[in-house]
Amino acid sequence: MSAQDEAPRLDFIREIVAADQASGTHQGRVATRFPPEPNGYLHIGHAKSICLNFGVARDFGGTCNLRFDDTNPVTEDTEYVDSIQEDVQWLGFSWDDRLYYASDYFERLYECAVRLIRDDKAYVDSLTADDIREYRGTLKDPGRESPYRSRPIAENLELFARMRAGEFPDGAHVLRAKIDMASPNITMRDPILYRVRRAHHHRTGDAWCLYPMYDYAHPLSDAFEQITHSLCTLEFEDHRPLYDWLIANVTGLPGRPRQIEFARLNLTYTVMSKRKLLQLVEDGHVHGWDDPRMPTLSGLRRRGFTAEAIRRFCDEIGVAKRENVIDVGLLEFCVREDLNARSPRAMAVLRPLKVVIENYPEGQTEDFEVASHPDNAALGTRHVPFGRELFIERDDFLEDPPKKFFRLAPGREVRLRGAYLVTCREVIKDAGGQILELRCTYDPLTRGGDAPDGRKVKATLHWVSAAHAVDAEVRLYDRLFTHEMPGSGQADFLTQLNPNALEVLTGCKLEPSLAAPAAGARFQFERLGYFCADQDGAASRPVFNRTVTLRDNRATLPG
RNA sequence: UGGGGCGUCGCCAAGCGGUAAGGCGCGGGUCUUUGGAACCCGUAUUCGAAGGUUCGAAUCCUUCCGCCCCAACCA
């Protein structure tokens with residue numbers, strides 16, 4: 001095996017970076033940045049970008065900056081800048097001391113604009129917004145030059161200064177790059193660089209009433225930070241000529257960044273646009289940005305996802321330019337795999353059905369020491385009490401079981417995990433025929449769950465001692481939408497919300513070791529799935545969120 | 001008949017002229033005190049289509065077809 005045989009396959013971006021590094025472009029330096037706009041919470045799509053940007057920096061011995069693209073004060077807020085920092089750190093990445101804000105560059109950006117004006121490469125346009133749109137032309141028809149395009153440099157300089165000084169109302173003037181109104185690329189038809197906006201900025205306050213546009217601020221910010229590879233999503237592909245134009249035409253820039261575009265992440269059964277997520281929060285369809293139904297990092301975290309699982313997911317999906325929709329099943333696979341390895345097991349009965357062991361001595365209690373993980377002794381053991389009265393899962397019993405059902409049924413023997421083999425002797429019902437409880441007998445010789453005579457039992461059930469059970473609330477989560485691609489076609493995504501995405505169960509019975517979990521503590525509830533203690537839980541009454549169910553191979557499930 | 005992208009298995013994704021990696025999913029099996037986990041097999045004669053170049057094409061050329069993005073003083 002040669003080294004090449006083992007070389008990791010690089011995505012197209014890492015190939016470019018590797019080639020640049022090998023050829024000495026940027027003196028072999030690699031610098032990326034993650035540039036969120038603080039106008040919403042980060043979601044799993046951002047995780048892809050974070051893993052890419054920080055990952056490329058890590059793989060090539062470079063750096064990755066965190067930069068807030070805060071050029072539009074009307075939609076941005078410090079609540080978002082705080083949550084974004086928390087989420088990036090939680091995901092496991094560090095920007096060290098390289099935390100930047102586009103707003104920190106406002107003065108510098110302004111100076112660059114003045115330089116462009118002096119070089120006759122930008123002008124103040126006084127057309128109305130409507131007229132600017134009108135003059136811009138259409139996809140097929142070229143635009144027309146604004147009558148203000150030929151304004152003398154001196155006049156542009158004076159007007160631009162007065163725009164900054166606050167002498168004009170919003171919308172009165174804009175600064176535009178002087179490029180080409182006939183360009184087939186609409187982005188190049190004298191793009192707007194600055195607009196007058198009397199808005200309070202979350203960081204600069206009222207210092208400015210003139211704010212730069214993304215298309216202008218972004219490439220220059222990249223250059224200021226000497227970013228080498230500026231990674232963004234596909235919709236900015238058309239903007240790259242403008243990016244390059246600015247890098248080439250603004251004099252005195254310290255860096256020559258290169259923009260490379262990749263396809264954003266789409267996931268089935270959810271939405272990823274910040275606009276739609278905001279709407280879900282504001283209209284109360286979910287309980288907040290960190291609602292465990294949300295694809296936000298804070299939602300996934302509260303749901304019980306680990307950062308490792310999300311990073312693994314981002315590795316699995318790859319990076320390319322092809323539009324993609326990832327099956328949410330892959331995300332679930334990644335959490336299960338991670339949680340399976342690390343989660344201590346415990347028993348919890350979600351929908352309790354009482355079981356009385358008739359031949360078990362009244363008042364007796366036993367204590368079983370049970371391993372917390374079947375394949376990892378390092379996770380230790382816990383003590384699980386057993387008694388005459390127990391709870392089992394209601395759907396682990398069927399009075400008239402179909403062929404494939406091999407759990408408890410009248411006359412049938414099953415194992416209670418870690419305890420005994422029990423046989424169902426009698427079904428107690430109320431007047432309406434509702435099953436109230438089961439009468440069973442146990443075989444004292446099967447203590448621990450093994451039958452000395454070697455007889456086999458088809459099923460093992462989880463259970464909780466009634467006398468020791470801890471009552472809990474358990475929140476069952478499912479996919480947020482009923483459609484694979486919400487909002488596709490004519491559909492209004494809100495009409496495709498899954499009404500059963502959250503099911504709240506109360507009166508769930510937990511084994512005592514689960515009585516007072518730390519918020520965020522994760523367990524596998526045996527045979528049910530992975531659960532995470534929610535912050536809403538109190539010491540006396542824990543609340544658990546179901547992260548994901550266990551994989552279930554049962555061909556057909558009755559009822 | 002404006003411009004920019006993209007089309008390899010159900011979903012992702014390698015492949016970079018030498019004879020279709022891998023993951024998820026799916027099907028089958030072994031094992032099992034979680035119908036979990038683990039393990040083992042199987043799952044594209046074919047790369048959007050058609051022509052062409054070549055000893056040889058998913059990779060090169062031509063044409064065609066399909067999908068996505070762009071006409072915010074949003075990012």
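Lettering of chains follows the sequences in order, A, B, ..., and the numbering in each one begins at 1.
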Please work out if [X] contacts a base, only the sugar-phosphate, or nothing of the nucleic acid, heavy-atom cut-off 4.0 Å.
{"X": "A/Arg551", "result": "sugar-phosphate"}
{"X": "A/Phe406", "result": "base"}
{"X": "A/Met188", "result": "nothing"}
{"X": "A/Leu127", "result": "base"}
{"X": "A/Arg197", "result": "sugar-phosphate"}
{"X": "A/Gln524", "result": "base"}
{"X": "A/Thr549", "result": "nothing"}
{"X": "A/Ser183", "result": "nothing"}
{"X": "A/Phe236", "result": "base"}
{"X": "A/Asn72", "result": "sugar-phosphate"}
{"X": "A/Leu461", "result": "nothing"}
{"X": "A/His218", "result": "nothing"}
{"X": "A/Thr138", "result": "base"}

Closest to the [X] side chain, choosing from [options]:
{"X": "A/Asn185", "options": "B/C73, B/C69, B/G3", "value": "B/G3"}
{"X": "A/Asn340", "options": "B/A75, B/A71, B/G36", "value": "B/G36"}
{"X": "A/Ala129", "options": "B/G36, B/C69, B/C73", "value": "B/C73"}
{"X": "A/Tyr214", "options": "B/A71, B/A75, B/C73", "value": "B/A75"}
{"X": "A/Glu37", "options": "B/C74, B/A71, B/G36", "value": "B/C74"}

query: Less than 3.5 Å between a donor and an acceptor, one on the side chain of A/Arg407 and one on the base of B/G35, is that the case here?
result: yes

query: So does A/Asp238 reach the base of B/G3 with its side chain, donor to acceptor, closer than 3.5 Å?
result: yes

Identified pairing partner of [N], criterion: Watson-Crick or G-U wobble below 3.5 Å:
{"N": "B/U54", "result": "none"}
{"N": "B/G2", "result": "B/C70"}
{"N": "B/G25", "result": "B/U43"}
{"N": "B/A49", "result": "B/U63"}
{"N": "B/A20", "result": "none"}

Please state the [atom1] separation for the pair [N] and [M] - nearest whole angstrom.
{"N": "B/A13", "M": "B/G18", "atom1": "P", "answer": "23 Å"}
{"N": "B/U8", "M": "B/C47", "atom1": "P", "answer": "11 Å"}
{"N": "B/C6", "M": "B/A20", "atom1": "P", "answer": "26 Å"}
{"N": "B/U1", "M": "B/G10", "atom1": "C1'", "answer": "37 Å"}
{"N": "B/G3", "M": "B/G17", "atom1": "C1'", "answer": "32 Å"}
{"N": "B/U59", "M": "B/A38", "atom1": "P", "answer": "38 Å"}
{"N": "B/C40", "M": "B/C12", "atom1": "C1'", "answer": "25 Å"}
{"N": "B/G2", "M": "B/U43", "atom1": "C1'", "answer": "45 Å"}

Under 4.0 Å protein heavy-atom contact, by nucleotide of nucleotides 7-18 of chain B - B base, S sugar-phosphate only: SB--SSBSSB--

Output yes when a side-chain donor or acceptor of [X] lies under 3.5 Å from a complementary backbone atom of [Y], and no otherwise.
{"X": "A/Thr296", "Y": "A/Trp289", "value": "yes"}
{"X": "A/Arg198", "Y": "A/Gly166", "value": "yes"}
{"X": "A/Tyr211", "Y": "A/Ala199", "value": "yes"}

field: Residues which pass side chain to side chain contact (heavy atoms under 4.5 Å, CB included) with A/Arg412, listed by chain and number, not counting sequence neighbours
entry: A/Pro401, A/Phe405, A/Phe406, A/Ala409

field: Parallel, tilted or perpendicular: rings of A/Tyr214 and A/His239 (30°, 60°)
entry: perpendicular

message: Measure CZ/A/Arg527 against C1'/B/U32 and give the value in whole Å, please.
response: 14 Å

message: If I take atom CG in residue A/Asn553 and atom C1' in nucleotide B/G35, what distance separates them, rounded to the nearest angstrom?
response: 7 Å

query: With a distance cut-off below 6.0 Å to the six-membered ring centre and an angular limit of 45° from the axis, does A/Lys321 pair with A/Phe262 as a cation-pi contact?
result: no

